[in-house]
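Heads up, the thing below is written out as structure tokens.
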Protein chains: 2
Amino acid sequence: MNAYPDFAYVAGLIGDPTRAAMLDSLLDGRALPASELAYLARVSPQTASAHLAKLVEGKLLAVETHGRHRYYRLAGAHVAQVLEALTTLAPPVQVRSLRQSDRLKEVRHARTCYDHLAGQLGVELTRTFVTRGFLREADREYRITEVGKRWFSDFGIDVEAIRQKRRSLARPCLDWSERRHHLAGALGAALASRLFELGWIVRVPSSRAVRITEKGREHLAHQLGIETAGRLT
Amino acid sequence: MNAYPDFAYVAGLIGDPTRAAMLDSLLDGRALPASELAYLARVSPQTASAHLAKLVEGKLLAVETHGRHRYYRLAGAHVAQVLEALTTLAPPVQVRSLRQSDRLKEVRHARTCYDHLAGQLGVELTRTFVTRGFLREADREYRITEVGKRWFSDFGIDVEAIRQKRRSLARPCLDWSERRHHLAGALGAALASRLFELGWIVRVPSSRAVRITEKGREHLAHQLGIETAGRLT
DNA sequence: TGAATGATTCGGTTATGATCGAAGTATGAA
DNA sequence: TTCATACTTCGATCATAACCGAATCATTCA
């Protein structure tokens, strides 16, 4: 009857709470061993193993064997994008505690999405790049302008070098908290790691949230006109 | 622990084969009564009722009561978009029969996606509008240029009139078969219904596929330079 | 070679939730 | 009223798949 691919299969894979917890743990782009994923999802190694096999079978995860360890990671940025898109449909969390509310604010403010930045910070950076003429929006991707190439180069990102890579250079990714696009792709990834490298942002332990350092706050304001103080709303 | 919305819940709703069949039946934007959905998903009315309640509870469907009938439809175009995005991750169907292969070609060639057009035709139309300067891509939406407004007006679509509507005017929607964006939003919907009205396209019975008529083929070629013959690949 | 560790396979148990029969509610028509 | 239709609620059944204990495989290290 149905002549086109079936979304029920993929949704079913994602829909199991345990598998969802695993996918969630991998959303930041890391590769984790099976035991770690079992621990994070609070199930036994056997159970985890079965789930991971299904996720690999369904092409949502990729696996890499290193000695007796098996490292699992998302099959690609496209998987992270679909998960973020799904989150868009999810009912907003009802806040129970002050602590939980704080964590939600953190994660809305700035977080990693696979290997790039999302949240207010991610969206704001992207918006600034477009209004300053560094990026131009095209179908399914951002084009990097000459001005942009110079700016990124000065910032310590060699656009030509990362252009070599197979993956797409600069693509938009839908942000579930801001409901706007932020920069993904190789350039998005490079930008995020450069910001970590410069110490403008640091990871919040055991969370996808990212904190902007004092140094980062100053530089973002001076160099890009992005005000980040008091934006934690 | 998790401070952000959970995609497992939504994915779980979509992941059940029966519910997925119902969502699929509604992907063209129609509103169908519960009994019809039960028939299409091959379950009893009681079972269907339970599933529909869950889908409404999860804000994936909206329900409208007319007398003793209850009409269910997708809660909005955003739901259709997420379903299309999910389909992007789904494994390609393995073709068993010539008949199935033909249906797949049909649906790849041209189909409705909620209330607008998708497939090769949808993507090609959108591409043409952009290259001819009728639309310009911006963040999360297409901007309609002055030239575009005139062209759509000549084509029988009053852009100012549909701009009044609440829903977004012209937004991109990811196409699972072409893996590019096509035009969604109020303008996308208006375009589709105008093409039906003009008799350039007709629906294929019991399918989301759309067939381009001889008349449509000629006009698309002359007025927009879109060659549709022999593109059924 | 043997012991220890990481991970998977197998088999049996259990719980969740999809399913439908039967009964109940609401609307419309005679 | 009474009957028919559209749909939902309740209750019971049943199947699927998540889960873990035990055993197995594979790698590393002593």
Side-chain angles (χ1 to χ4, degrees), chain A residues 1-2 6-26 30-75 91, chain B residues 1-2 6-26 30-75 91:
Chain A
M1 188 80 178
N2 263 352
D6 192 14
F7 50 77
Y9 169 68
V10 196
L13 281 178
I14 303 171
D16 176 81
T18 303
R19 283 194 291 266
M22 291 171 161
L23 289 169
D24 188 52
S25 306
L26 297 171
R30 286 176 302 175
L32 296 178
S35 54
E36 179 75 10
L37 287 166
Y39 171 77
L40 289 170
R42 302 167 192 283
V43 288
S44 69
Q46 308 93 293
T47 302
S49 184
H51 284 306
L52 290 168
K54 286 184 187 178
L55 289 170
V56 170
E57 162 82 23
K59 302 273 172 68
L60 293 182
L61 296 187
V63 63
E64 215 168 314
T65 305
H66 284 289
R68 55 187 166 185
H69 294 266
R70 308 198 76 191
Y71 286 89
Y72 291 88
R73 55 183 169 75
L74 293 192
Chain B
M1 189 81 178
N2 262 353
D6 192 16
F7 49 77
Y9 169 67
V10 196
L13 282 178
I14 302 171
D16 176 81
T18 303
R19 284 194 291 266
M22 291 170 160
L23 289 168
D24 188 52
S25 306
L26 296 171
R30 284 177 302 175
L32 296 178
S35 53
E36 179 76 10
L37 288 165
Y39 171 76
L40 289 170
R42 302 167 194 282
V43 289
S44 69
Q46 308 93 292
T47 302
S49 184
H51 284 306
L52 291 168
K54 286 184 187 181
L55 289 170
V56 170
E57 162 81 23
K59 300 274 173 65
L60 294 182
L61 296 187
V63 63
E64 216 168 314
T65 305
H66 284 287
R68 54 188 167 182
H69 295 267
R70 308 197 76 192
Y71 286 89
Y72 291 88
R73 56 182 169 75
L74 293 192

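Quick note: numbers below take in every heavy atom, side chains included, and nothing from hydrogens, waters or symmetry partners. Just so we're on the same page: letters track the sequence lines, and every chain starts at 1.
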inquiry  = What contact category does B:T47 fall into here, base, sugar-phosphate, or nothing, at under 4.0 angstrom with non-hydrogen atoms?
reply    = base

task = Go through C:dG6, D:dC19, D:dC7 for me and flag the one nearest to the B:A34 side chain.
result = D:dC7

ask   = For A:L13 and A:G58, which heavy atoms make the closest approach, and how far apart are they?
value = CD1-CA, 3.8 Å

query = With the sugar-phosphate defined as primed atoms, P, OP1 and OP2, and the base as all remaining atoms, what B/S/- string results for nucleotides 21-30 of chain D, 5' to 3', for protein heavy atoms under 4.0 Å?
reply = BB----BB--

request  = Take atom CG of A:L37 and atom C1' of C:dT8, then tell me their distance rounded to the nearest Å.
outcome  = 15 Å

query = Hey, is the side chain of A:K54 poking within less than 4.0 Å of OP1 or OP2 on D:dA18, counting only N and O atoms?
reply = yes

A:S35 side-chain N/O to C:dG6 phosphate OP1/OP2 under 4.0 Å = no

ask   = Between atom CZ of B:R19 and atom CG of B:L61, what is the distance when rounded to the nearest 0.5 Å?
value = 10.5 Å

task = Ignoring the backbone of B:Y72, work out which of C:dC20, D:dA17, D:dC7 is nearest its side chain.
result = D:dC7

query = Taking only N and O in the side chain of B:T18, is any of them less than 4.0 Å away from OP1 or OP2 of C:dT19?
reply = yes

key: Options C:dT19, D:dC19, D:dT8, nucleotide nearest the side-chain atoms of A:H51   = D:dC19

request  = Take the protein atom OH of B:Y39 and the nucleotide atom C1' of C:dT19, then report the distance between them rounded to whole Å.
outcome  = 19 Å

remark   = Rounded to whole Å, CD of A:E36 lies from P of C:dT5 at a distance of 17 Å

task = Figure out the CZ/P separation between B:R70 and C:dG28, and round it to whole Å.
result = 14 Å

task = Look at the side chain of B:H69 and decide which nucleotide, out of D:dA6, C:dA7, C:dT19, has an atom nearest to it.
result = D:dA6

remark   = In whole angstroms, the gap separating P of D:dA17 from CG of A:L52 amounts to 18 Å

